[in-house]
Amino acid sequence: MITSAFLNIFYIVLGALIGLLPDISTSSAFSTAITTGSSYLATVYSFLPFIISTLLAIIVFDLLFETGYIIFKVVYWVIRRLPTQS
Amino acid sequence: MKWLKPLSYYLLLVVLFLFTYSFGVNKVSAFEVQGVLTYTSGTGTGKTYTTNDPYNLQFFSNNSYTLFKSFLGCVGEYPTCSTHLSNTAQETNTNGVLNNYALRNSSVVLYYGLYFSGTNYARLYGAGNFWSKTCTEPNLQGNCIYFKYSLDTGLVPSVDNATGETTITSFTYSTTTQTARVQGYWNATSTTGVTERLQFHQFSTLLGIESFRELIATSTGLFDLSFEYKALPTPYTSTTTPAFVADTVLFAEIYQYDNNYATDPFSGTFDSRYKTLLVATTTTITTLTGIQIATSTRDLFAYPEYECSITSITGCFKNALIWSFYPTEESIKSYYNFISLIQSKAPIGYFFVARDSIQGLNKDGTPTANVTIPLSIKNYIFSPFDLGISGILWLFFLFSFYKRLKTIQI
């Protein structure tokens, strides 16, 4: 009862606020670019498999590492700044 | 910059090592053939099999049929096309160590091949890439690998009496079409009451056995069958389907049923000779992305309730606490709806679009062009180059990542 009421109020309020934001575009040029790039990679992969696998692994690892680092910096900044707000 | 010179020497040694290793191991221009043959044509006088992938070719024959011989050959003029046979992975010496026949059909096309029985490794020696993807009877065009069953009566293939061993050679599934594909070889025996049956079903811990089908072998030979299976429940983004997921295992089994043995009508004892398992294989469809918040369907929806009576007061207090604090199904669903809403709104939605798109960045996409490279060039130029450059890339990544870690500030 209590938990359900709290959750419902929380999600209704947040949902109303987030619902005011614009919708994302369903036809994403980014997705199309990735799909096209994958098809090119598949062509090269047939005769250079190790190079393609290495490049993909390095790119994905770098993206994950840098994204995690940025998120950590943002969260840490918020944590440090909150007590100073008056 | 002091480390640059030793690093350059080290990289040069790595590249030299990789090139030497690639060039120094194989001393002859040969390649092993292992894979699955696909039946293409031919009845009566012989069946022809081809390979869809020249690097995925496998042979098998029946040891128990004394008159059965298997034939491996390639079409072309000697010495550009010749065959060798080996019982092990070791190479044979020269062409013609074992029975090496040259057949000539009505179109004056030469076949060079070997009769053999049992499972063997076969090596094909030749210049360049003489693999062909298809062969058609009766005039085999181009160079291709074919596989004929024939009686051991001489050079001319006659009646096909091949009886291979019952086996399942391939068991795959497709999540887009929700079908499982079973390939193999089965026998339709002529003995009264004896049948071979292929059984397919799916099993999950939440939903049990489903999609059971049984097919009886009506003809001896290769089979290629597809079965539909039920998809897993949709994950948490659905608003009407319960959010629970579980691994599903697909089973493909071939049994031999013998109606001469069944339940004894007098004693009621079941005779195990009625049903014999010949071959079985399984494959697992891994869970979808989602959150498993319950171990069973009942646990997901049922409010736990305890007995509340004058003799069990504690049950009343437990029920009161559950009513107060245990969340309802609607409130749990509202969380998943909230996540879906966030994913559809900017700017966080674009992060999910980018994440899903990057997850689609892989090597298994549909290639824009099919590049055909001669095998010798691939083995002796592209493969060592590929290995060398990828090794260098990994080394550069390690050094770059070390430098990046040194500059990180927490």
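Because the structure is predicted, anything quoted here is derived from the model rather than measured. Every chain is numbered from 1 and lettered A, B, ... according to where its sequence line falls, protein lines coming before strand lines.
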B/Tyr350 portion near chain A, given a 4.5 angstrom heavy-atom threshold: both
The interface call for B/Leu398 against chain A, heavy-atom contacts under 4.5 Å, is neither
CD1/A/Ile12 to OG/B/Ser334 distance, rounded to the nearest 0.5 angstrom? 8.0 Å
Minimum heavy-atom separation for B/Ala346 and A/Ile24, please, with both atom names. N-CG2, 3.6 Å
Aromatic plane relationship, A/Tyr11 with B/Tyr335 - under 30° parallel, 30 to 60° tilted, over 60° perpendicular: tilted
When you measure from the centre of the six-membered ring of A/Phe65, is the NZ or CZ of B/Arg404 under 6.0 Å away and within 45° of the axis? no
Once you measure the plane-to-plane angle for A/Phe61 and B/Phe401, does it fall in the parallel (<30°), tilted (30-60°) or perpendicular (>60°) bin? perpendicular
Quick one: what part of A/Ala57 sits under 4.5 Å from any heavy atom of chain B, side chain, backbone, both or neither? side chain
Pick whichever of A/Asn8, A/Ile58, A/Thr67 has the most heavy-atom pairs under 4.5 Å with chain B. A/Ile58
Just how far is it from atom OG1 of A/Thr3 to atom CD1 of B/Ile322, taken to the nearest 0.5 Å? 12.0 Å
Pick from A/Phe72, A/Tyr69, A/Phe50 with the largest number of heavy-atom pairs that fall under 4.5 Å of chain B: A/Phe50
Whether B/Asp386 side chain and A/Ile51 backbone form a donor-acceptor pair below 3.5 Å: yes
Residues of residues 73-80 of chain A with a heavy atom under 4.5 Å from any heavy atom of chain B, in residue-number order, are A/Lys73
Rounded to the nearest 0.5 Å, the CG atom of A/Leu7 sits from the NZ atom of B/Lys333 at a distance of 15.0 Å
Taking everything shown except B/Phe352 itself, do over 12 heavy atoms lie less than 6.0 Å from its CZ? yes
Name the region of B/Ile348, side chain, backbone, both or neither, that has any atom closer than 4.5 Å to a heavy atom of chain A. neither
Within the distance-only criterion (no hydrogens, no angle test), does the side chain of B/Lys345 pair as donor or acceptor with the backbone N or O of A/Asp23 below 3.5 angstrom? no
What's the spacing between A/Ser4 OG and B/Tyr326 OH if we round to 0.5 Å? 10.0 Å
How long is the span from the CD1 atom in B/Ile389 to the OG1 atom in A/Thr54, to the nearest 0.5 Å? 10.5 Å
Contact origin within A/Leu63 toward chain B - heavy atom pairs under 4.5 Å: side chain
Starting at OG of B/Ser331, measure out to CD1 of A/Ile9 and round the result to the nearest 0.5 Å. 12.0 Å
